Undergrad: 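What follows is a structure written as structure tokens; I'll ask about it next.
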Protein chains: 4
Amino acid sequence: MANSKYEYVREFETDDKLLRNVYILVRIDGKGFHKFSAAHEFTKPNDIRALNLMNHAARSVMHELDDILIAFGESDEFSFLFRKSTDLYQRREAKIVSTVVSLFTSAYVYYWSDYFQDSKRPLYPPVFDGRAVLYPSEVEVKDYFAWRQADTHINNLFNTSFWALVEKGGLTPKAAEVRLSGTDSKDKNEMLFTEFNTNYSKLPAIFRKGSVLLRGSIPKDMAKDAIIPTLPETLPGSTYADAAPSTEPSAQSDGPATATEPEVTQRDS
Amino acid sequence: MANSKYEYVREFETDDKLLRNVYILVRIDGKGFHKFSAAHEFTKPNDIRALNLMNHAARSVMHELDDILIAFGESDEFSFLFRKSTDLYQRREAKIVSTVVSLFTSAYVYYWSDYFQDSKRPLYPPVFDGRAVLYPSEVEVKDYFAWRQADTHINNLFNTSFWALVEKGGLTPKAAEVRLSGTDSKDKNEMLFTEFNTNYSKLPAIFRKGSVLLRGSIPKDMAKDAIIPTLPETLPGSTYADAAPSTEPSAQSDGPATATEPEVTQRDS
Amino acid sequence: MANSKYEYVREFETDDKLLRNVYILVRIDGKGFHKFSAAHEFTKPNDIRALNLMNHAARSVMHELDDILIAFGESDEFSFLFRKSTDLYQRREAKIVSTVVSLFTSAYVYYWSDYFQDSKRPLYPPVFDGRAVLYPSEVEVKDYFAWRQADTHINNLFNTSFWALVEKGGLTPKAAEVRLSGTDSKDKNEMLFTEFNTNYSKLPAIFRKGSVLLRGSIPKDMAKDAIIPTLPETLPGSTYADAAPSTEPSAQSDGPATATEPEVTQRDS
Amino acid sequence: MANSKYEYVREFETDDKLLRNVYILVRIDGKGFHKFSAAHEFTKPNDIRALNLMNHAARSVMHELDDILIAFGESDEFSFLFRKSTDLYQRREAKIVSTVVSLFTSAYVYYWSDYFQDSKRPLYPPVFDGRAVLYPSEVEVKDYFAWRQADTHINNLFNTSFWALVEKGGLTPKAAEVRLSGTDSKDKNEMLFTEFNTNYSKLPAIFRKGSVLLRGSIPKDMAKDAIIPTLPETLPGSTYADAAPSTEPSAQSDGPATATEPEVTQRDS
């Protein structure tokens, strides 16, 4: 064979199989999305079109990869939890992470015009990165999602307050930051209510709590993984939401905004 | 802080920094591109639009990531070589691999309609995966690219012969395979010439040898890496081709096929 | 500082921390012990002095490393199970494995003359190697020890039969092997009983089942690890043995040789 | 097979093969040697018996493992450099590190009474740990050894000064530390000369520069590794010393102290 003398270079490839029988969590993040959201004039503090596009891309990932049990999204970030017993790509880390990131990115660009209907495509190609983390037990998995959801709450309360001060209160960004420095959650809730007539707890749950996508049907071999029956009840502030991905992408473009919002209920931070 | 009690979950993240001062090679591959190319009726054995789109996506990657010195593409696969001294993302493996794959995927979908001009987007989102391999010395790097290019030659000669038998010779795919089984390069060249009036060595170099993208300008701190001055001359069958990525994507859509073809010369397999 | 310009070489050191909250199992093996046991004329199929020395070395390891919960030994091999929550050396793999191997080796040479009382030291320094394996759950931990103990049984029944044929039956090793080929456990038990008047099940448990060392007192933070209360009952063929290492090594040299069950007394943690 | 149902636990073992074609450096360190040296009343600042025993143990390691090219020792630490092309244990990290550490520990205990002739064995078993580091090029390898040798110089000059103040000058350890704080090399040299009539540069090289062990004969396949012909000349302050390990351990016990001292010459720090 003409290429056999070069094939020794394959011996430099290393085995990156992830430990068996532990949860695999893949988290992806938008790269440079501060700039990306400014360039596309995303509404502040939340752009429902952008969030729905994120959710659509995440559903595309779950649609392709059966072993993802649950996904959680906020802002330009999404986390995907694989069942403990998954043998996807023999648990090779680079293969799993790169496939999730590529699926997500592809869908994000692909469905862009369904959510940003005045443009054929973004001004330039958006980019996400990703990484895998292993969690041995349900306790850590629940705390992982609790951590991301607490982050959502903290960021969104701050952003809501900040943009109220800037857009409705007429403060400069600098002044708004000074005004908010040292305030706690109660202070911000109070300020929003008294100064801007905004009841924070009445804002859409998708803004305050992020998006939870749960696989609607039970995957085969479920008995091996204990996460599904217990996680939804215990994830702070979440109720079960059938988020089985639509298999017909065109359906989403008809009326995406409300249909794709996962149902989530009040949580106490 | 409301989320501080959950933050311990970050301690499960592992350090995946790649060894310093060795070449990092990231190779990406199309997933399910046999089906994807059939669904989009790519011309056989090569579709110049698809190859040019691959090259465009690869240039987008090189444009964003300064430390990529050279890239090589064939079919639905592309390899990117980072300089030994790169400190991109502190050499974190998942970050590097996922970013390259996301950039490539994003650009592939984004520029699709520039190359497949009768469609706004593909029928469904395409997916790539990727992995990193470390090579300590130039010898292995050269042999790596020699390996991929030999692979290109072998596959393309087979595919060219196969599709000549099927599309011009009227054989069934099964019969074409039987006919080619046991033949060597010389047999296939001979058959193409005598039966199909095709001089294989006159076919476009991009089909026979793949695409080589070289960074046109010398990156800063080049002294640390010895690859640029020596690799182009020694990579079998390659001459220097200024492949610095265009910064204006729209330019490509004017006349992609010829402009983006890297110059490569005859090689002996 | 005179050496500061060289210190960059430390950046090539990689982080090898093991995943948190999973069991760490370190298994060590004698290297070239076929030759070592022949050179020292170990009695066949089992040399009680050698087994007791192995157990003594293992107790020394458990004595130094509080987070080892249980150890299992057979022949020239020993396995050490660390509690899930151990933070020994921040769970750095090389540090943990090398320390266990060094402790074991050191004690093996150190206590040699207490068990082989006619010689000051072995004919040459014995060597062990080691490796770590991670197990996420108790199920795998139990099956790990069941695997090693089944291995002990299979090997010992074969060896007992083989050496009976050779030493009592007068067969050549070759002929003994041929005689045993294709036989199952029942056949071997039968043969030992009828031909050599040996009731296999009455042979010392240390030969048939290996040695189990259990920590006698409950380590602090035990609540984090569930293994201790359940493992002893379920490990096939084992009964609970208080195997907390003696804190006075000299005590062992008084009368170690006969007790096959590891003798250990109460230890203060 | 009785144990086949448990064998799945082997699937949790991970592949830890080290990258090919880079230097493997294994460094071992004594654990708790401050206490160990005090318990055995090592002479201060250097105990030639202890250093010679370290060198003996290191030679035992080099004797067993042909692919170690050079070793460097100081105090209770030793570094072993494997040739780039070594395929020892298929380059499995745990196997390599644990074997080196076990060999070294075993020899240290084994040969103890040859160097500490008034005792059969140490008061308790000594322990070492170890780790592997990869270095892609000769530059880093040279700088690694330069780093360790500069460390030897700095530590030894300090210790020599400190113990002169304490043992000859009658200062308390506390006072000696205060006296030395803020001094540079020149100050310490001056103080040793004027106050204690000690010409530091005339002290034995083994104290000031550590021990370098070089393989005396060229290993097979040397052409693959470039280190041997160039390293000795360039390692700061070292000349070639034939340090091929003796194959007869008993020979060492006759007159160890002078015979085992590697020849090293002055270096500029």
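All figures in this text were calculated on a predicted structure; none of them were measured in a lab. Chain identifiers are assigned alphabetically (A, B, ...) following the order of the sequence lines, protein sequences preceding nucleic acid strands; residue numbering begins at 1 within each chain.
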Undergrad: Can you tell which part of Val127(C) gets under 4.5 Å to a heavy atom of chain D, answering side chain, backbone, both or neither?
TA: both

Undergrad: Can you find a heavy atom in the side chain of Lys31(D) that is under 4.5 Å from one in the side chain of Lys95(C)?
TA: yes

Undergrad: Under 4.5 Å from any heavy atom of chain C, what part of Val139(D) do you find: side chain, backbone, both or neither?
TA: both

Undergrad: Which residue out of Ser113(D), Gly130(D), Ala107(D) racks up the most heavy-atom pairs below 4.5 Å with chain C?
TA: Gly130(D)

Undergrad: Does Asp29(C) have any salt bridge (charged side-chain N to carboxylate O under 4.0 Å, His left out) partners at least two apart in sequence or in another chain, and if so, which?
TA: Arg27(C)

Undergrad: Tyr135(C): which residues meet the ring-ring contact (aromatic ring centres under 6.0 Å, His included) condition with it, sequence neighbours left out?
TA: Tyr144(C), Phe12(D)

Undergrad: Within a strict 4.5 Å, meaning less than it, do heavy atoms of the Arg148(D) and Tyr6(C) side chains meet?
TA: no

Undergrad: Measure from the side-chain N and O atoms of Ser102(D) to the backbone N and O of Phe128(C), and report whether any donor-acceptor pair falls under 3.5 Å.
TA: yes

Undergrad: Considering all heavy atoms of both residues, which atom of Pro122(C) and which atom of Tyr110(D) are nearest to each other, and what is their separation?
TA: O-OH, 2.5 Å

Undergrad: Relative to chain C, which segment of Phe104(D) carries a heavy atom at a distance below 4.5 Å: side chain, backbone, both, or neither?
TA: neither

Undergrad: Restricting to non-hydrogen atoms, name the atom on Val101(C) and the atom on Ser98(D) that form the minimum distance, rounded to 0.1 Å.
TA: CG1-O, 3.7 Å

Undergrad: Does any backbone or side-chain atom of Leu103(D) lie under 4.5 Å from a heavy atom of chain C? Answer side chain, backbone, both or neither.
TA: both

Undergrad: Among Leu134(D), Thr14(D), Val109(D), which residue has the highest count of heavy-atom pairs closer than 4.5 Å to chain C?
TA: Val109(D)

Undergrad: Identify whether the distance between the nearest side-chain nitrogen and carboxylate oxygen of Asp114(C) and Arg121(D) falls below 4.0 Å.
TA: yes

Undergrad: Do the non-hydrogen side-chain atoms of Ser106(C) and Tyr108(D) ever get within less than 4.5 Å of each other?
TA: no

